[in-house]
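Structure first, commentary second.
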Amino acid sequence: MEENKKMTVRTRFAPSPTGYMHIGNLRSGLYAYLFARANGGKFLLRIEDTDQERYVEGAVELIYRTLKDIGINWDEGPDVGGDFGPYVQSERKNLYMPYAEQLIKSGHAYRCFCTKEELEQRRAEAQARGETFKYDKHCLHMSEEEIQRRLAEGQSYVIRQNVPTEGETSFTDEIFGTITVNNSELDDNVLIKADGMPTYNFANVIDDHLMNITHVMRGMEYLSSTPKYNLLYEAFGWEIPKYIHMTPIMKDAQHKLSKRNGDASYEDFINKGYLKEAIVNYVALLGWNPGDERERFTLKELEEAFSVKGMSKSPAIFDNEKLTWLNAQYIRELSEEEFTKHAMKWYEMAGISHMNTSVLFKILGQRVEYFAQIPDMVDFLVKLDEEYPVEFFTNKKSKTNSEVSKSVLEMVIPALKALDEWEETKIHDLLMNMAAENGLKNGTLLWPVRIAMAGKQVTPGGAIEIAILLGRDESLRRLEYGLKKLS
RNA sequence: GGCCCCUUGGUCAAGCGGUCUAAGACACCGCCCUUUCACGGCGGUAACAGGAGUUCGAGUCUCCUAGGGGUCACCA
C-alpha cells in the first residue's frame with residue numbers, strides 16, 4: 001500500500017581514530033557519502049573507539065578536518081548531533097549489554113568463562129595438529145547453577161554468539177551477489193569482552209540497526225564475517241541491511257596501501273602540493289567508473305553520477321603517475337591568481353617570491369604537475385651554476401656551437417645594455433629583430449642567450465621570460481660570464 | 001591449510017552471448033607545433049590467466065586448474 005514510499009537511504013562512515021586518514025580510508029568515506037547523496041539519503045559519521053589501546057590523540061579531529069577539507073558534510077555525527085546519538089561508540093558502551101543479555105535469554109548467545117590463556121593453549125594445540133581452531137562451545141552447556149556460582153565468585157567472562165552448527169547462511173552483497181556459507185564454518189565469536197565493552201562486530205550490528213543504516217558499506221575484509229552479522233540480525237528479528245563491500249586499494253598486486261608501509265596518505269599529497277579536488281577525483285575513479293568516458297569530476301558531479309553498478313569487484317592498484325597527471329590537469333586550469341596562491345609557499349621556499357609572479361605563472365603554469373616541483377624547477381633563477389659546461393652552447397637543432405654562440409652574445413649584450421626599459425615586449429622585439437636582421441633562426445639566437453642566463457639546457461620558459469625574472473643586472477652579468485666562458 | 005572473494009594491455013578500466021580481428025585514460029614510443037623543456041595535436045606498441053564444457057556462436061554462462069586477495073583474535 002505504501003510501495004511508493006521508499007525508505008530513505010542512510011549510510012555511515014565509521015572510522016577508528018587510530019591515526020592518519022589513509023587514501024583507502026578516505027575512499028571508503030567518500031563512497032559512503034556519494035552513495036547517500038546519489039540516492040537522496042543521509043550520511044552519518046560515527047567514531048568507533050572501542051579499542052582504547054589503539055586510540056591516537058587528535059585522530060578524531062584529523063578525520064573531521066580531512067572530510068571537511070574535501071567537502072564531505074555529514075548529516076549526523078558526534079559534532080553535529082542527530083536523532084540517533086551518541087555517535088561516538090565509547091559513549092554508547094552501556095547500550096550493548098542489554099542486547100547481549102537478550103540474546104542469552106533467547107539462546108543465541110552464552111557466557112563463556114574460558115580464559116584467554118586456556119584458549120590460546122587450545123588454539124596452539126589445534127594448530128599443532130594442523131587443524132583450524134574453532135571454539136568448541138565448551139561453556140554453552142554449563143549448568144545454570146555453575147554459571148551462577150562463577151558469577152558469584154566474580155569470575156570474568158565474555159559473551160559469545162551461539163552460531164548454529166548445521167545449515168547454511170547466505171546473504172546478498174550489492175556488488176558480489178549472493179554468497180552462501182556453511183554454518184559449520186562459523187565460529188562462536190565474542191560479542192562482549194571481559195571488560196564489558198562490545199567487540200567491533202557486535203557494536204556494529206547494534207549501532208547500524210539503532211541508527212537505521214540501510215546500506216552497510218565497508219571493506220571487503222568483512223565479507224566473510226557477514227553471515228555472522230546476519231545471524232545476529234535474525235536473532236533480534238531485525239531487518240537486514242543491504243551490504244556493499246568495497247575492495248581495497250593496493251600499493252601493488254600483493255600489498256594493500258597502508259601508512260604502515262610508508263605509503264602516502266591524503267595529507268602527504270596535500271603537503272606535496274597536490275590539489276584536493278584532484279585527489280578526490282582520482283580516488284573516486286579507483287574502483288568505480290561512471291560507465292561512460294568522463295574522467296573529470298567535481299565532488300558535486302560525483303554525487304550525481306555515483307552508483308554501485310560502477311563499483312569494481314577486484315582491488316585497484318594506486319597509480320601515482322595517473323594521480324599526478326590528473327593533478328597537472330587541474331593545475332593547468334588554475335587562473336594566475338589561484339596558481340600564485342598555491343605556489344607562493346613554494347616560491348618562498350625556493351627564494352623567488354620577490355620575482356614577477358605573472359611571468360612565473362607564465363613559465364610554470366603549464367609545467368608544474370604538483371607544487372613541490374617548483375623549487376627544483378627554478379633553482380637556476382636563484383643561483384647560476386657557474387660550472388656548467390661550454391658544450392651546452394652547442395645544439396644541433398638550434399644550429400649553434402661555441403663560435404656562433406660567442407658572436408651572438410657579443411652582439412646581444414651591448415644591445416640589451418642599451419635598452420631603455422627592461423620589459424618583456426621590448427626585449428622580445430629587440431632579439432627577434434636582431435635575429436631577422438642577421439639572417440639567424442630565432443632558435444640560433446635565443447639558445448645561447450638562454451644557456452648563458454640559466455646554465456642549464458632545459459629550463460621552464462624561454463630566454464625572454466628568464467631575462468625578465470632575473471632583471472637587467474643579473475641577466476647581463478650572466479651573459480657576460482657566458483661570453484667569458486666562450487672566449 | 002579450511003572457507004569466501006577476485007582474474008581484460010605495465011596501471012585504471014569499458015564490455016553484461018553475436019555490433020570484439022576488444023573502447024577510453026595513464027605510462028611508453030614516434031611525428032607535428034615550438035625559443036630548450038613542458039603544454040597541445042596526430043599516430044603507434046600492448047590484454048580477454050590456462051583447460052574443458054554449454055551454445056549455431058563465449059571476454060561474456062558452467063566446471064576444473066593456476067595465480068592473487070581476504071578471513072579464521074576478548075583488533076577494528
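Numbers restart at 1 for each chain; the letters A, B, ... are given by sequence-line order, proteins then strands.
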Which whole-number value in Å describes the distance from A:Glu321 CD to B:U11 P?
13 Å
Checking A:Asn204 against A:Tyr222: is there a side-chain donor and acceptor pair closer than 3.5 Å?
no
Suppose we define a pair by two distances each less than 3.5 Å, Watson-Crick or G-U wobble; what does B:A52 pair with here?
B:U62
Roughly how far apart, to the nearest Å, are B:C56 and B:G15 at atom C1'?
22 Å
Option among A:Arg123, A:Gln121, A:Gln127 that satisfies the side-chain hydrogen bond (donor to acceptor under 3.5 Å, both in side chains) test with A:Glu125:
A:Gln121
Return the 5'-most residue of the pair A:Ala253, A:Glu48 with respect to RNA chain B, ranking by each residue's nearest nucleotide.
A:Ala253
With a 4.5 Å limit on heavy-atom distance, are the side chains of A:Phe393 and A:Leu409 in contact?
yes
What does A:Thr459 touch in the nucleic acid at a heavy-atom separation under 4.0 angstrom: a base, only the sugar-phosphate, or nothing?
base
In whole Å, what is the span from the CD atom of A:Glu295 to the P atom of B:A27?
11 Å
Identify whether any heavy atom of A:Asp187 sits under 4.0 Å from a base atom; if not, whether one sits that close to sugar-phosphate; answer base, sugar-phosphate or nothing.
nothing
Is the distance from OP1 or OP2 of B:U34 to the nearest side-chain N or O of A:Lys397 less than 4.0 Å?
no
Roughly how many Å is it from CD1 in A:Ile192 to P in B:C74, rounded to a whole number?
14 Å
Within the structure, does a side-chain N or O atom of A:Arg129 lie under 4.0 Å from either OP1 or OP2 of B:G1?
no
For A:Lys313 and B:A14, give me the distance from atom NZ to atom C1', rounded to whole Å.
15 Å
B:G43 - base-pair partner by Watson-Crick or wobble geometry, distances under 3.5 Å
B:C29
Let's go through A:Ile213 and A:Asp207 carefully: what are the C-alpha distance in whole Å and the side-chain angles of both, what is the deciding distance for side chain to side chain contact (heavy atoms under 4.5 Å, CB included) to 0.1 Å, and is it a yes or a no?
CA-CA 8 Å; A:Ile213 300 303; A:Asp207 289 343; over 6 Å; no
In whole angstrom, give me the gap between the C1' atoms of B:U8 and B:G70.
23 Å
Tell me what A:Lys309 touches on the nucleic acid: a base, only sugar-phosphate, or nothing, going by heavy atoms under 4.0 Å.
base
Any A:Asn201 side-chain heavy atom under 4.5 Å of A:Val205 side chain:
no
Describe the nucleic acid contact of A:Ile464 in one word from base, sugar-phosphate, nothing, applying a heavy-atom distance below 4.0 Å.
base
Base, sugar-phosphate, or nothing: which does A:Val158 touch, judged by heavy atoms less than 4.0 Å apart?
base
B:C20 and B:G2, which share atom name C1', separated by this distance in whole Å
40 Å
Considering every strand and a 4.0 Å limit on heavy-atom distances, what is the contact class for A:Met432: base, sugar-phosphate, or nothing?
base
A:Ile179 side chain: which of B:C16, B:A13, B:C4 is closest?
B:C4
Let's test this: given Watson-Crick or G-U wobble pairing with both distances under 3.5 Å, identify the partner of B:A14.
none
Could you tell me how far apart A:Asp292 (CG) and B:A23 (P) are, to the nearest whole angstrom?
18 Å
Exactly one candidate in A:Thr172, A:Thr226, A:Thr169, A:Leu223 meets side-chain contact (heavy atoms from CB on, under 4.5 Å) with A:Ile179; the answer is A:Leu223
Tell me which nucleotide among B:U35, B:C26, B:C6 gets nearest to the side chain of A:Arg450.
B:U35
Do any side-chain nitrogens or oxygens of A:Gln329 fall under 4.0 Å of OP1 or OP2 in B:G40?
yes
Could you check which of B:C37, B:C5, B:C74 has an atom nearest any side-chain atom of A:Ala194?
B:C74
Please give the distance between the C1' atoms of B:C42 and B:C33 as a whole number of Å.
11 Å
When the C1' atoms of B:A23 and B:U60 are compared, how many Å lie between them, rounded to an integer?
16 Å
Can a donor-acceptor pair be found between the side chains of A:Glu336 and A:Ser358 at a distance below 3.5 Å?
yes
Closest nucleotide among B:C74, B:G1, B:C6 to the A:Thr132 side chain:
B:G1
Atom CD of A:Glu168 and atom C1' of B:C3 are separated, to the nearest Å, by 13 Å
Opposite nucleotide pairing with B:C72, Watson-Crick or G-U, both atom distances under 3.5 Å
B:G1
Return no unless some side-chain N or O of A:Arg367 is found under 4.0 Å from OP1 or OP2 of B:G40.
no
Using a 6.0 Å distance limit plus a 45 degree cone around the ring axis, check whether A:Arg160 lies over the aromatic ring of A:Tyr135.
yes
What nucleotide, of B:A13, B:G15, B:U71, holds the atom closest to the side chain of A:Asn289?
B:A13
As a test of reading the structure: which of B:C37, B:C6, B:C12 is closest to the side chain of A:Val458, going by heavy atoms?
B:C37
Do A:Arg27 and A:Tyr282 form a cation-pi contact, if we require the NZ or CZ to be under 6.0 Å from the six-membered ring centre and within 45 degrees of the ring's axis?
no
Ranking B:U35, B:C5, B:G15 by distance to the side chain of A:Leu223, first place goes to B:C5
Please determine if a side-chain N or O atom of A:Lys134 lies less than 4.0 Å away from the OP1 or OP2 oxygen of B:G1.
no
Any idea which heavy atoms bring A:Phe202 and A:Tyr96 closest together, and the distance?
CE2-O, 3.7 Å
What's the gap between B:G68 and B:C28 when it is taken at their C1' atoms, as a whole Å value?
26 Å
Classify the nucleic acid contact of A:Tyr282 as base, sugar-phosphate or nothing, counting any heavy atom under 4.0 Å across all strands shown.
nothing
Pair assignment for B:C20, Watson-Crick or G-U wobble, requiring both distances under 3.5 Å
none
Nucleotide B:C12, atom P - distance to CG of A:Leu257 in whole Å:
13 Å
Among the nucleotides B:U35, B:C3, B:C5, which one has an atom lying closest to any side-chain atom of A:Glu185?
B:C3
Candidate nucleotides B:U35, B:G69, B:U36, ranked by approach to the side chain of A:Gln254 - the nearest
B:G69
Atom CE of A:Met250 to atom P of B:C12: distance rounded to whole Å?
10 Å
Tell me what A:Gly461 touches on the nucleic acid: a base, only sugar-phosphate, or nothing, going by heavy atoms under 4.0 Å.
base
Quick one: the side chain of A:Lys322 and the base of B:A25, do they pair up donor-acceptor inside 3.5 Å?
yes
State which of B:C74, B:C4, B:C39 makes the closest approach to the side chain of A:Gln366.
B:C39
Give me the distance, rounded to whole Å, that separates B:G9 from B:A46 when you measure between the C1' atoms they each carry.
5 Å
Check: A:Tyr135 side chain, B:A73 base, donor-acceptor under 3.5 Å:
no
Which residue lies toward the 5' end of RNA chain B, A:Thr115 or A:Asn182, if each is placed at its nearest nucleotide?
A:Asn182
Please give the distance between the P atoms of B:G51 and B:A58 as a whole number of Å.
14 Å
